[in-house]
Number of protein chains: 2
Amino acid sequence: MKEPTIMDVARQAGVSVATVSRVLNGSTLVNASTQEKVMEVVRSMHYTPNAIGKQLRSQKTMTIAVVVPDISITYCVEIIKGIENTANPLHYKIIICDAQNKPEKEREFMTLLVSRTVDALILVTPSQTDAELATYADNGYTLGVIGRDTGHDAIPCALTDNVKLTRQVMTHLIGQGHTRIAFLSGFATAIDNYERLEGYMKGLQEARLPFMPELVDNGDFTEEGGYAAFMRLWERNTGLTAVFAANDEMALGVHKACGELNIPIPDRMAIVGVDNSRLTNYVRPQISSVEQPLQTMGVLLAGKLIDQMNANEQAGRRIFKIDSILVVKGSSLGRTEEGQG
Amino acid sequence: MKEPTIMDVARQAGVSVATVSRVLNGSTLVNASTQEKVMEVVRSMHYTPNAIGKQLRSQKTMTIAVVVPDISITYCVEIIKGIENTANPLHYKIIICDAQNKPEKEREFMTLLVSRTVDALILVTPSQTDAELATYADNGYTLGVIGRDTGHDAIPCALTDNVKLTRQVMTHLIGQGHTRIAFLSGFATAIDNYERLEGYMKGLQEARLPFMPELVDNGDFTEEGGYAAFMRLWERNTGLTAVFAANDEMALGVHKACGELNIPIPDRMAIVGVDNSRLTNYVRPQISSVEQPLQTMGVLLAGKLIDQMNANEQAGRRIFKIDSILVVKGSSLGRTEEGQG
DNA sequence: ATGAAAGCGCTAACAA
DNA sequence: TTGTTAGCGCTTTCAT
C-alpha cells in the first residue's frame with residue numbers, strides 16, 4: 001500500500017516532476033497536450049498530492065486552530081461555525097481544539113502554533129493572561145482572540161460591548177418597575193465580569209438607584225452555581241425582584257430555584273440571561289436573554305486573521321466590538337398587578 | 001521571525017543534528033553531559049521541533065480526523081469527547097471536521113486521509129455508502145465508523161443495539177397499557193431506521209399486537225419534522241396513545257404538538273425519545289428517553305483504531321455493539337385513570 | 001557515543 | 001515549454 005508520489009506520475013507520464021507540479025498547481029506555462037497527458041496519468045493512478053510534502057516545502061499549512069474552552073457549549077459552537085464559514089471558502093482548514101476547561105490543555109495547544117502545525121490560532125475566551133499571549137504575538141505568531149481584548153497591537157479580537165449590553169438589560173428591567181436588581185456574575189477572572197458589573201452600576205446610577213453590594217453574587221457560569229447563588233441572595237432578604245445573570249446557565253439555575261421556592265416568575269421575580277441559548281425557550285416561562293452575534297464574531301475575526309497572513313501588514317481595524325440584542329420573553333415581561341402585591 | 005531549526009541547535013551546542021535528534025527523542029545512547037548541553041541550548045533558544053519536518057520524515061502525523069455530520073448536535077459532541085479521552089493520552093491529536101450535514105463536505109474530508117494529512121479517520125453516521133467506504137479500506141487507509149457497520153473487515157465500528165433498544169422501549173410502553181404505538185423514524189437512508197423499525201415490529205409481535213402501517217411516519221430527525229409528523233399521525237385518527245420517536249428532537253416536536261392540540265401528556269399521549277439529551281429534562285413533563293453510552297463508543301473505537309495502526313494486524317473484535325438504557329420520565333409514566341378515559 | 005549523509009514529497013529558481 | 005536540482009526540517013542507517 002504505497003502511495004504514488006509526484007515522481008511516479010512524472011515517470012509514468014514521461015515528463016519531469018516540475019511539469020507535473022505545474023499542471024497540478026494550474027500553471028499556465030504548460031503545453032495543452034502535456035497537461036492532458038499528465039492529468040490522464042494522475043487520474044489513472046488516483047494520485048493525490050501528499051499534503052505534508054507540500055506543507056514542508058511551502059512553509060504553509062493552510063490550517064487554523066480554534067481553541068475553545070469547552071466544545072459542549074453552544075456559545076463555542078456558534079463561533080466555530082462562523083470561523084468555518086469564512087475559512088473554508090478561502091481554502092483554510094479548521095482544526096477544533098477542546099481545552100475541556102483546563103488551562104494547561106489550552107496552553108498545550110499553543111504548541112500547534114510554535115511547531116508550525118497551523119498557520120494561525122484563534123482562542124475563544126482564553127484562560128491565559130494578556131502577557132502570555134503577547135509573547136506569542138511578539139515572536140511573530142499569528143493569533144486572534146474572541147471574547148476579550150488583550151490590548152496587543154498584533155492580536156485582533158472580536159467581542160461584544162459588555163457595558164452596552166448590561167445597560168440595555170438594566171434599562172429594560174428598570175422600565176418594568178424593578179428597583180432591586182441582583183447581578184449574577186461568572187468567574188471572577190473573566191474580564192466580562194468587570195465590564196458587565198460596570199454596566200450594571202451605570203444603569204443603576206442613571207436611574208438614581210442605590211448600588212447594594214449584597215445584590216451581587218457569583219455563579220461561576222454554571223446552572224448549579226446560579227442556583228446556589230440565588231439561594232444565597234434570597235436568604236439575604238434584600239427584597240430583590242429581578243435577577244440579571246451573566247449567562248443563560250446561571251439564569252436557568254435561578255429559574256429552577258424560583259420553581260422550588262414557589263416564587264412566581266415574572267410576578268415576583270424577573271430573570272434575564274445572556275446568550276439566548278435554545279434552552280431558554282423550553283422552560284416556562286421562557287427566559288429573556290441577550291443574543292450575541294456569535295457567528296459574526298467568528299466570521300470577522302477569521303477574515304481579519306487571514307488578511308493579516310496574506311497581506312503581511314496590519315491594515316484596518318483590529319478590534320471588532322459588536323452590539324447584541326435583548327430578546328424579551330416571559331421571564332421579564334408582563335408582571336401582573338396581583339403578582340406585584 | 002525565523003524559527004530555529006535542529007541545525008541551529010546543533011551548531012550552537014557544538015554537536016551534530018543526529019545527536020540533537022537523539023536527545024530530543026529520548027534515545028539512551030547519548031552521553032549524559034552531551035544530553036545536558038543540548039537541552040540547555042534547546043531551552044535557551046526556545047526551540048520547538050517543526051512538526052511538518054518530523055511528519056514528512058516519519059510518515060506519521062499522529063493525528064486522527066473525526067468527521068461529524070453536525071457539530072451542534074450533542075450526540076456528536078459526546079462521541080468526540082470519548083475519542084479525545086482515548087487519543088490524547090496516547091499522544092494523538094484530534095481534528096474535528098464539521099460536515100454541516102452536507103454529503104459533499106463529508107466526502108471532501110476523505111482527502112485528509114488520502115493526502116496523508118491524518119493517519120486515520122473516524123466517521124460518525126456517515127452519509128457515504130458501504131461500497132464507497134470499502135474503497136478506502138481496500139486501499140489501506142485506516143478508518144472507523146460510529147453508528148453503523150459497513151460490513152467491511154478492515155473497518156471497525158461502534159454502534160448501539162438498535163433492535164434491543166427499540167424492543168426495550170416497546171416493552172415499557174406496552175407494559176404501561178399502550179396498544180396503539182406510533183413509530184417516528186428519521187431519514188429513510190439511515191440504517192438505524194431499518195433496525196429500529198425491526199425492533200418495533202418484533203415488540204408488537206411479541207405482545208400479539210397488530211402492525212399498523214399508518215402508525216409509522218418520518219420526522220427527519222428534526223423537531224419541526226417530529227411536529228409535522230405527529231400532526232399527520234393525529235389527523236389519521238388511529239387512536240394512538242403513545243409515540244416512540246427515533247431521537248429526542250422529534251420527541252420534542254411531538255411534545256410541542258401535543259401542547260398545542262391540548263393533548264395531555266402522559267394521560268392521553270405517552271412519548272419516548274432517544275439520546276436522553278439535556279432538553280428532555282427541561283420541558284414539562286420531562287421526556288423519557290434512551291441513553292446511549294456515546295462517550296464509550298468513542299473510546300472503544302478510537303482505541304481499536306490506534307491499536308490497528310500500531311499492531312499492523314487486525315486482532316480482536318471489530319464490531320462494538322453497545323447496550324443503551326431507557327430513562328423513564330414523566331412523559332411515559334403514571335397515566336392517571338381519569339386521563340385514560 | 002557521535003557524526004555524515006541519504007531521503008521523506010514537494011515547489012521553484014535557474015537552465016536549456 | 002520543459003527539465004534539473006536544491007532545499008524545506010527532520011530521523012535513521014551506516015560509519016567511525
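In what follows, every chain begins at residue 1, and chains take the letters A, B, ... in the order their sequences are listed.
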If I take atom CD in residue A/Q55 and atom P in nucleotide D/dC10, what distance separates them, rounded to the nearest angstrom?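 Rounding to the nearest Å, CD of A/Q55 and P of D/dC10 are 15 Å apart.
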Distance check needed: D/dG9 P versus B/R11 CZ, whole Å only.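 So the two atoms are 11 Å apart, to the nearest Å.
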With sequence neighbours left out, write down each residue that passes side chain to side chain contact (heavy atoms under 4.5 Å, CB included) with [X], or none if nothing qualifies.
| X | value |
| --- | --- |
| B/V17 | B/I6, B/M7, B/A10 |
| A/E78 | A/L294, A/Q295 |
| A/P49 | A/L24, A/Y47 |

Set of salt bridge (charged side-chain N to carboxylate O under 4.0 Å, His left out) partners for A/K81, sequence neighbours left out: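 If we apply the salt bridge (charged side-chain N to carboxylate O under 4.0 Å, His left out) test to A/K81, skipping adjacent residues, the hits are B/D70, B/D98.
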Listed by chain and number, what are the salt bridge (charged side-chain N to carboxylate O under 4.0 Å, His left out) partners of A/E40, not counting sequence neighbours?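 Result, salt bridge (charged side-chain N to carboxylate O under 4.0 Å, His left out) vs A/E40: A/R43.
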On DNA chain C, which is the earliest and which the latest nucleotide, 5' to 3', with an atom closer than 4.0 Å to a heavy atom of chain A?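 With heavy atoms of chain A under 4.0 Å away, the range is C/dG9 to C/dA13.
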At what angle, to 10 degrees, do the two end axes of the helix from C/dA1-D/dT16 to C/dA16-D/dT1 meet, given five pairs define each axis?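 Angle reported: 40°, given to the nearest ten degrees.
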Using the side chain to side chain donor-acceptor pair (under 3.5 Å) rule, collect all pairs that involve residues 56-65 of chain A, keeping only residues at least two apart or in two chains.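 Qualifying pairs, neighbours excluded: A/T61-A/D119.
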For the atom pair CD (B/Q100) and CD1 (B/I71), what is the distance rounded to the nearest 0.5 Å?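 It is 10.0 Å, given to the nearest 0.5 Å.
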Non-neighbouring partners of A/T86 that pass side-chain hydrogen bond (donor to acceptor under 3.5 Å, both in side chains), sequence neighbours left out: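 In terms of side-chain hydrogen bond (donor to acceptor under 3.5 Å, both in side chains), with neighbours along the sequence ignored, A/T86 is linked to no residue.
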Report the residues that fulfil side-chain hydrogen bond (donor to acceptor under 3.5 Å, both in side chains) with A/T150, sequence neighbours left out, ordered by chain and then residue number.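 Scan of A/T150 (side-chain hydrogen bond (donor to acceptor under 3.5 Å, both in side chains), adjacent residues dropped) gives none.
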Any salt bridge (charged side-chain N to carboxylate O under 4.0 Å, His left out) pairs touching residues 121-131 of chain A, not counting sequence neighbours?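 Listed once each, the pairs are A/D130-A/R148.
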Can you give one letter per nucleotide of nucleotides 2-8 of chain D, going 5' to 3': B for a protein heavy atom under 4.0 Å from the base, S for sugar-phosphate only, - for none? BBBBBBB
